[in-house]
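Working notes for the structure below.
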Amino acid sequence: MSQDDPSSAFTILKEGSNNLFKNEIKLSSTLNKDNIAKFLNDYIDIVIFLEAKNFNTQDLKNFAELEAFKNRLLSNRRLEKLKIDNNKANIQSLKSDLRSNKTEISKYEELLETNFDEKYLTKIDRLFKNRKKIISKMLGKNKEIDALFNPSYANYQKIASSLDDQSIMLSYNLAEDSGKLIAQTATKTFFFHIEDGSSVIQANISSLRSSMDLGSAFNFEAAHNLYEILFKPIEPLLSDVKNIYLYGSDLENLPFGVLLSNYSELEDISSDYEKLLQSHWLIESYSFARIFPLSNNRLNSEYDHKFLGLANPDSFNILGLPSLP
């Protein structure tokens, strides 16, 4: 691209991404999470550049395929930490095998860094093949686990096709240096650049969540900072939108409904109670739902019954409320 040869860039991107997907299992246990996020951000920028040069990018891996790819890489890693019922000894054993496999892979990778020996490459290749078998066995023994840890592009397509004019699906891809916000409507995909990196965003989320503990002063500034970084860029798309679906594993720990848009109007108010009343919360305008990349996802627009669910966090024990079933 920098040498003004977009044709070669197109070919390299297509062949490289196809090769990456073929060797997916060799990345799942060792690749740095931030490198995965940076790769997706770069990939999106390159595709946008090629489209501006009038290249037909239909044959390239699209964002939804890459998002599913990212979730599979991270989810396979999460299999090692999965909590398993004691009565499922067979899956417990496979989980132990998976951890041992990762330890062996790391050992031989370290050996390769100091002594590039063909026998180490052969050993690592055998370990990766065995890792694939272990994961396949774990997923095959539990359909629910398989649905959660093996997301597909077809799943994304199915959800996107069920969006109506009042709904939008958001995906976030956050790296240390910057990020991307992907907005999927019923008819089109939009990409937005996020200037702040994941460390800045997570620091604000941590401050916000800490301020939501019982007896703490709510952090209005953090709630506004996150609104400015993560939500304000897409507001021009939301004039008729009521339902916002959050797709993927990024920002699982952020309750979008408590972000606020009018912090400057609150700075002169001394009472936190009055600030709470005067704040413009996102939950007042939008309904948020998190969509995990499960194989059986579908969006319902009509329901037979209404439902109100009440959480029962341990932090409320101090109030002496009875436990909820």
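Remark: side-chain polar atoms of Ser162 are paired, donor with acceptor, to backbone N or O of Ile159 under 3.5 angstrom. Listed for the Asp125 side chain is no donor-acceptor partner under 3.5 Å among the backbone atoms of Leu121. Listed for the Asp240 side chain is no donor-acceptor partner under 3.5 Å among the backbone atoms of Asp165. Side-chain atoms of Asn101 come within 3.5 Å of backbone atoms of Leu127 as a donor-acceptor pair (strictly under, hydrogens ignored). Under a 3.5 Å cut-off, the side chain of Ser279 and the backbone N or O of Lys275 do form a donor-acceptor pair. Side-chain atoms of Asn173 never come within 3.5 Å of backbone atoms of Gly179 as a donor-acceptor pair (strictly under, hydrogens ignored). Looking only at distances, no side-chain donor or acceptor of Asn262 sits under 3.5 Å from a matching main-chain atom of Glu265. Between the Ser271 side chain and the Tyr273 main chain, a donor and an acceptor come within less than 3.5 Å of each other. Between the side chain of Ser216 and the backbone N or O of Ser211 there is no donor-acceptor pair closer than 3.5 Å. The closest donor-acceptor contact from the side chain of Thr11 to the backbone of Ser7 lies under 3.5 Å.
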Inset, instruction - Apply the test side chain to side chain contact (heavy atoms under 4.5 Å, CB included) to residues Phe63 and Val47: give CA-CA distance (whole Å), side-chain angles for both, the deciding distance (0.1 Å), then the verdict. - result: CA-CA 10 Å; Phe63 162 76; Val47 170; over 6 Å; no
Inset, instruction - List the steps and the verdict of side chain to side chain contact (heavy atoms under 4.5 Å, CB included) for Tyr120 and Asn115. - result: CA-CA 9 Å; Tyr120 296 151; Asn115 181 16; 4.0 Å; yes
Inset, instruction - Would you please test Asp97 and Ser100 for side chain to side chain donor-acceptor pair (under 3.5 Å) and show each step? - result: CA-CA 5 Å; Asp97 292 343; Ser100 298; 5.5 Å; no
Inset, instruction - Under the side chain to side chain contact (heavy atoms under 4.5 Å, CB included) rule, what do Asp196 and Leu174 come out as? Steps first, then yes or no, please. - result: CA-CA 9 Å; Asp196 294 276; Leu174 304 174; over 6 Å; no
Legend entry - side chain to side chain donor-acceptor pair (under 3.5 Å) between Glu228 and His224, intermediate numbers included: CA-CA 6 Å; Glu228 289 277 341; His224 180 72; 3.1 Å; yes
Inset, instruction - For the pair Thr57 and Glu51, evaluate side chain to side chain contact (heavy atoms under 4.5 Å, CB included) and give the outcome as yes or no after the intermediate values. - result: CA-CA 7 Å; Thr57 59; Glu51 287 178 344; 2.9 Å; yes
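Contact record, Ser8 with Asp5: OG-OD2, 2.5 Å, taken as the closest heavy-atom pair. Shortest non-hydrogen contact noted between Asn253 and Arg209 is O-NH1, 2.9 Å. Considering every non-hydrogen atom in both Ala217 and Asp272, the closest pair reads CB-OD2, 3.8 Å. Between Ser178 and Asn41 the shortest heavy-atom distance is O-ND2, 3.6 Å. Residue Lys242 comes nearest to Ser285 through the heavy atom pair CD-O, 4.1 Å, listed as atom of the first residue, atom of the second, then distance.
A donor-acceptor contact under 3.5 angstrom links the side chains of Asn23 and Asn19, judged on distance only. Side-chain atoms of Ser167 and Asp164 include a donor-acceptor pair closer than 3.5 Å.
The only option from Phe192, Tyr286, Tyr172 that meets the ring-ring contact (aromatic ring centres under 6.0 Å, His included) definition with Phe231 turns out to be Tyr286. Each of Ile234, Leu181, Thr185, Leu170 was evaluated against Phe190; a single residue qualifies, Thr185, per the side-chain contact (heavy atoms from CB on, under 4.5 Å) test.
When side chains are defined from C-beta on, Leu111 does not count as touching Asp117, because their heavy atoms never get closer than 4.5 Å. Side-chain contact check for Ser199 versus Glu176: some heavy-atom pair is nearer than 4.5 Å. Residues Leu266 and Leu260 meet the side-chain proximity criterion, which asks for heavy atoms closer than 4.5 Å. Residues Phe191 and Ile48 have side chains in contact (heavy-atom distance under 4.5 Å, counting atoms from C-beta outward). Here the side chains of Phe288 and Leu282 are in contact, with some heavy-atom distance below 4.5 Å. Residues Lys95 and Ile134 have side chains not in contact (no heavy-atom distance under 4.5 Å, counting atoms from C-beta outward). In this structure the side chain of Glu235 reaches within 4.5 angstrom of the side chain of Tyr227, judged on heavy atoms. Looking at Met1 and Ile46, their side chains come closer than 4.5 Å, going by heavy atoms from C-beta outward.
Following chains of ILVMFWY side-chain contacts shorter than 4.5 Å, one cannot reach Leu60 starting from Ile12, and the two form parts of different hydrophobic clusters. Residue Phe116 is grouped with residue Tyr108 when hydrophobic side chains (ILVMFWY) are merged at heavy-atom distances under 4.5 angstrom, including chains of intermediate members. Hydrophobic clustering of Ile, Leu, Val, Met, Phe, Trp and Tyr side chains at less than 4.5 Å, counting indirect connections, unites Met212 with Phe256. Note on Ile283 and Leu254: same hydrophobic cluster, where clusters join Ile, Leu, Val, Met, Phe, Trp and Tyr whose side-chain heavy atoms are under 4.5 Å apart, directly or indirectly.
Atom CD of Gln278 sits about 5.0 Å away from atom CD1 of Ile269, to the nearest 0.5 Å.
Lys70 and Glu67 are joined by a salt bridge, as a carboxylate oxygen and a charged side-chain nitrogen come within less than 4.0 angstrom of each other. A salt bridge is absent between Asp42 and Lys38: the closest approach of a Lys/Arg side-chain nitrogen to an acidic carboxylate oxygen does not fall below 4.0 angstrom.
At most 12 non-hydrogen atoms from other residues, nucleotides or ligands lie less than 6.0 angstrom from CD of Glu118. Within a 6.0 Å sphere centred on CD of Glu267, heavy atoms belonging to other residues, nucleotides or ligands number more than 12.
Cation-pi check for Lys61 over Phe21 is met; the charged atom lies under 6.0 angstrom from the ring centroid and within 45 degrees of its normal.
Using the six-membered ring where Trp is involved, Trp281 and Phe220 have ring planes that are tilted, between 30° and 60° apart.
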